[in-house]
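Contents: one structure, followed by commentary.
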Amino acid sequence: MNIAILGATGSIGLQTIDAVRSCISDAKITVLSGYKNMAALAPLVDEFKPEMVWVPDDEAITNLTELTNHPCEILTGESGLIACAAESKAQVVVNALVGRAGLAPTLAAISAGKNIALANKETLVTAGELVMSRAREKNIRITPIDSEHSAIWQCLNGSQERDIEKIILTASGGPFRGWRREKIAAATAKDALRHPNWDMGAKITIDSATLMNKGLELIEAMWLFAQPLENIEIIVHPQSIIHSMVQYKDGSILAQMGLPDMRLPILYALTAPKRTQTTFPRLDFLKCGALTFEPPNLKNFPCLALAIHAAKTGGTLPAVMNYLNEWAVAQYLHNKISFYDISEIMDKAFGIYKIKPVTSLADIHEAEGWAESFVSKI
Ligand code: NDP
Ligand code: MG
């Protein structure tokens, strides 16, 4: 199997490398990309000897070539990333990029006829309708890496759509679950970066603290599984053992469980329907303690309420929300704004933005342009 890994130096990228290295003996990695972390990219280039590598600019090329011995084609810029997503030898593209940067490569991979193992949920939040319809036209398989969506996919296991009553999307609740609102208001990015169950990149860790991550995942699930909003229920399950569930029309519920380890959904996204032998730690029911469930607190976590509104409204609103959230999270990470400013910014923008239907990529770009100009005035 020839695999292109976009975002190889990140949390999902490195776990993909780990899973591929230890479990898929016939894998050849043909493309690798990094962004800031050339020290992490260089050893991967030397180990896997890809055909193509992507870095953002010429300075990064200089930094990378000082650290590696493998001569390969190194591309830069957005067009370079698109070329990497379409690289001729790869059969599957792992999209482990973070944020809006993931959309153009997803579309390029679809156009080039590559299957996609998708971690970059922002792709579907921004342009779910376009992405899914183009994938259908080209007969492309988009397999989810996000643990909840992998769980849902595994529970669905090819079931008839008419038999599904609802999807139960589980959420850990993040590091501020159960905190008082005043305490959350004062929480810094450092506090938010301490996730109880998962070790992830900075953006998704903040998204997990605001519960925006669950909002993004709600929209991701609607597109991936062609389900209406009312068929998806969000339930907080702090232990992150049940990764999500599907309830069928006879009342039967299937759950997918396991220890929180992203290598499992990554492997399954690459090899399904085949199961791979692994030596990853196993869940022991006699040791894992009680599994508990509670409703999400929309008052303390208004980002989730905003995302539910965007999911219900549709059109270009989710793209605007995604842009604003990414911007606000970056500001929060730099201690420029407070926790509740993230939702405030989106709330203000939602009040004045004129939503349009999405008929083409240009509509998405226009919506993101509006969001860009909105934040430039803050
Ligand atoms: P990271 O921040 O750890 O990694 C992001 C990767 O993308 C890195 O390789 C980074 O390079 C690169 N990158 C960052 N910005 C750009 C850019 N503008 N252009 C091109 N490349 C860029 O993120 P995660 O791995 O945590 O998340 C990746 C995606 O997977 C996200 O969409 C996230 O929501 C999703 N996801 C992540 C999970 C997790 O456990 N981490 C779980 C489920 C979903 P560099 O590091 O060199 O700067
Ligand atoms: Mg998830």
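For ligands, and for the atoms within them, numbers begin at 1 and follow the listed sequence. Start at 1 with the first residue, then count along the sequence.
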- Over all atoms of both residues, closest heavy-atom pair of L75 and A83: CD1-CB, 3.8 Å
- Query: Does a salt bridge link K249 with E165, judged by any charged N lying under 4.0 Å from a carboxylate O?
  - Reply: no
- Query: Is there any N or O on S147 that sits under 3.5 Å from an N or O of ligand 1?
  - Reply: no
- Please work out which of A96, G34, A119 has its closest non-hydrogen atom nearest to atom 6 (C) of ligand 1. A96
- Message: Test your reading of the structure: does M262 have an N or O sitting under 3.5 Å from an N or O of ligand 1?
- Response: no
- Which heavy atom in F339 sits nearest to a heavy atom in A187, and how many Å separate them? CB-O, 4.2 Å
- Message: Could you tell me if R181 sits above the aromatic ring of F301, with its cationic atom closer than 6.0 Å to the ring centre and no more than 45 degrees from the axis?
- Response: no
- Task: Answer side chain, backbone, both or neither: which part of E122 comes under 4.0 Å from ligand 1, heavy atoms only.
- Result: side chain
- Task: Report the nearest protein non-hydrogen atom to atom 13 (N) of ligand 1: residue, atom name, distance rounded to 0.1 Å.
- Result: Y35 CB, 3.5 Å
- Query: Does the N or O separation between A101 and ligand 1 drop below 3.5 Å for any pair?
  - Reply: no
- Which is closest to atom 21 (N) of ligand 1 in terms of heavy atoms, L81, L97, L14? L97
- May I have the step-by-step check of salt bridge (charged side-chain N to carboxylate O under 4.0 Å, His left out) for E366 and K356, ending in yes or no? CA-CA 10 Å; E366 196 187 310; K356 284 191 178 168; 2.6 Å; yes
- Query: Is the closest side-chain heavy-atom distance between W370 and I352 below 4.5 Å?
  - Reply: yes
- Task: May I ask you to identify the nearest protein heavy atom to atom 48 (O) of ligand 1, giving residue, atom name and distance to one decimal place in Å?
- Result: K36 N, 2.9 Å
- Residue, atom name and distance, where the atom is the protein heavy atom closest to atom 36 (N) of ligand 1: I204 CD1, 3.6 Å
- Before accepting this row, confirm whether a basic side-chain N of the pair R134/E137 lies closer than 4.0 Å to the acidic partner's carboxylate O. no
- At what distance is the nearest protein heavy atom to atom 40 (O) of ligand 1, and which residue and atom is it? M200 CG, 3.2 Å
- Query: Does N37 reach ligand 1 with a nitrogen or oxygen that is under 3.5 Å from one of the ligand's nitrogen or oxygen atoms?
  - Reply: yes
- Message: Heavy-atom contact check, 4.0 Å cutoff: does K121 meet ligand 1?
- Response: yes
- If we only count N/O pairs under 3.5 Å, is G7 in contact with ligand 1? yes
- Task: Decide yes or no for Y248 and L254: does some side-chain heavy atom of the first lie under 4.5 Å from some side-chain heavy atom of the second?
- Result: yes
- Query: Listing by chain and number, what protein N/O/S atoms are under 2.8 Å from the Mg ion (ligand 2)?
  - Reply: D146 OD1, E148 OE1, E217 OE2
- Query: For ligand 1, is there an N or O atom under 3.5 Å from any N or O atom of G201?
  - Reply: yes
- Item | Contact partition for I12 relative to ligand 1, non-hydrogen atoms under 4.0 Å | both
- Query: Does the distance from a Lys or Arg side-chain N to an Asp or Glu carboxylate O, for D191 and R194, drop under 4.0 Å?
  - Reply: yes
- Query: Does a salt bridge link E148 with K214, judged by any charged N lying under 4.0 Å from a carboxylate O?
  - Reply: yes
- Nitrogen or oxygen of W54 less than 3.5 angstrom from that of ligand 1: no
- Message: If the threshold is 4.0 Å, N to carboxylate O, is there a salt bridge linking R177 and E294?
- Response: yes
- atom 3 (O) of ligand 1 [closest protein heavy-atom partner, distance rounded to 0.1 Å]: S11 N, 2.8 Å
- Do any nitrogen or oxygen atoms of D199 lie less than 3.5 angstrom from nitrogen or oxygen atoms of ligand 1? no
- Message: Any heavy-atom pair between the side chains of L361 and L103 that's under 4.5 Å?
- Response: yes
- Query: So which protein heavy atom does atom 43 (C) of ligand 1 come closest to, and at what separation?
  - Reply: D146 OD1, 3.1 Å
- Message: Within this structure, what is the CG-CD1 distance for the pair D26 and I24, rounded to the nearest 0.5 Å?
- Response: 7.5 Å
- Measure the shortest side-chain to side-chain distance between L264 and F280 over non-hydrogen atoms and say whether it is less than 4.5 angstrom. yes
- Query: Can you find an N/O atom of N213 closer than 3.5 Å to an N/O atom of ligand 1?
  - Reply: no
- Task: Give yes if a backbone or side-chain nitrogen or oxygen of T9 is under 3.5 Å from a nitrogen or oxygen of ligand 1, and no if not.
- Result: yes
- Message: What's the separation between atom CD1 in I242 and atom OG in S147, rounded to the nearest 0.5 Å?
- Response: 12.5 Å
- protein heavy-atom neighbour closest to atom 4 (O) of ligand 1 works out as G10 CA, 3.2 Å
- Task: In plain terms, say whether R100 and E368 are close enough for a salt bridge, that is, a side-chain N and a carboxylate O under 4.0 Å apart.
- Result: yes
- Query: Do the side chains of L97 and L81 get nearer than 4.5 Å, heavy atoms only?
  - Reply: yes
